[in-house]
Amino acid sequence: TVADIMSTAPEPIRWVLPGMIPEGLTLLVGAPKVGKSWWNLDLLVALGSGRPDIVFNWGSQMDPSPNLYCALEDPSRRVNSRLRQVTQGLQFSPHRAGDVWLELPDLDKGGRDEIEQWLERNPTSRVVLVDVLAKVRGTPAEGQGMYQADYQAVTQLKEIADDFGIGVVVTHHDRKKTDDDFLNMVSGTKGVTGAADTILFLTRERGSNEGILKCESRDVEDSQYRMEFQRPTGRWLVVEQERIGAEVDKPSNTLLDRISQILLARGSARSSELARMLETDLAEIVRALESGAETRAVEKQRDGSWHVPRH
């Protein structure tokens, strides 16, 4: 009943990358050669080392986790070279970082089973990265419409994410045409975007190191991130975050900003919950909340939880 739902505290968001990518199915979309494969490898290394603050210039140190990267368009030589490049200068244990697969059957021909078996062997995993969707979606059944085929393929990956409580990030191509709404630039039918929980759209001008990562999600506030690709290390660094629709764009990579993202998505949360979700020391969370309360960026409620007040 509605009463039962409202009497139960909502479960905290589980994060792939705290404050940026929540659990569930995420589409990573962009043009060929824009840097999507680098971004996937950066995420694998950031989580495997527990240092997104170094790899992405985002967040703080966290517990390392093993994860799975299905690099289905890259030869072994390229993956080997890029891994060495991205991990330079990091305390990185390859034996604990998970696995990279260069081949995977179609999802309905054993690929889904192989991913699920790997997750059962690696219960602390945060994410499965699939690069690209076209390599695992298979051929539409006879008489099956394109929308249904697209939705079915993406739904299988979403079910993996939901069943295991992790993130599945699926790389996909754009339509090679411009549109005011970046969702209309995703290749395929609306069935691709319809099943996704979060959509990341990466753009970069050819020859430039500067990029934009736009994010639309059911669980976090819509944002875009100004990124810079560091060619010597192969890392995409967050330069600043801008909330889409905000009256004034402002840098937003502080702890308070990430707290606000969660409070806006959840409605409210206690400091202990925030510390757990952001994997940050409770004392740091409390200091950020108290600082935010002085400017009314956040506000403490009677029950001890915090929320973002309406101005």
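Quick caveat: nothing in here was measured; it's all calculated off a predicted structure.
A heavy-atom distance below 4.5 Å is found between the side chains of Arg235 and Ile54. The shortest distance between side-chain heavy atoms of Asn122 and Phe164 does not fall below 4.5 Å. Side-chain contact between Ile21 and Leu200 is present, with at least one heavy-atom pair separated by less than 4.5 Å. Proximity of Leu133 to Leu157: side-chain heavy atoms (C-beta onward) are separated by under 4.5 Å at one or more points. Counting heavy atoms from C-beta outward, Trp58 and Met227 have side chains that stay 4.5 Å or more apart.
Side-chain N/O atoms of Gln301 and Glu299 include no donor and acceptor closer than 3.5 Å. In the model, Asp303 has a side-chain atom that pairs as donor or acceptor with a side-chain atom of Ser305 under 3.5 Å.
The stretch residues 32-51 participates, sequence neighbours left out, in these salt bridge (charged side-chain N to carboxylate O under 4.0 Å, His left out) pairs: Arg51-Asp53. Every pair passing salt bridge (charged side-chain N to carboxylate O under 4.0 Å, His left out) that includes a residue from residues 63-76 is listed here, sequence neighbours excluded: Asp74-Arg78.
Scanning all heavy atoms of the two residues, the minimum distance from Leu263 to Trp306 falls at CD2-O, 3.3 Å.
The OG1 atom of Thr124 lies 11.0 Å from the CZ atom of Arg96; values are rounded to the nearest 0.5 Å. For the atom pair CE of Met62 and OG1 of Thr280, the computed distance is 9.5 Å after rounding to the nearest 0.5 Å.
Here the two rings, on Phe229 and Trp39, have centers that are 6.0 Å apart or farther.
Between the side chain of Trp118 and the main chain of Asn67, no donor-acceptor pair closer than 3.5 Å is present. Ser81 places no side-chain N or O within donor-acceptor distance of the main-chain N or O of Arg77, the cut-off being under 3.5 Å. Looking at Thr203, its side chain never comes within 3.5 Å of a backbone N or O of Phe201 through a donor-acceptor pair.
The only option from Ile199, Thr198, Ile160, Asp197 that meets the side chain to side chain contact (heavy atoms under 4.5 Å, CB included) definition with Leu25 turns out to be Asp197.
A 6.0 Å sphere centred on NZ of Lys300 holds no more than 12 heavy atoms belonging to other residues, nucleotides or ligands.
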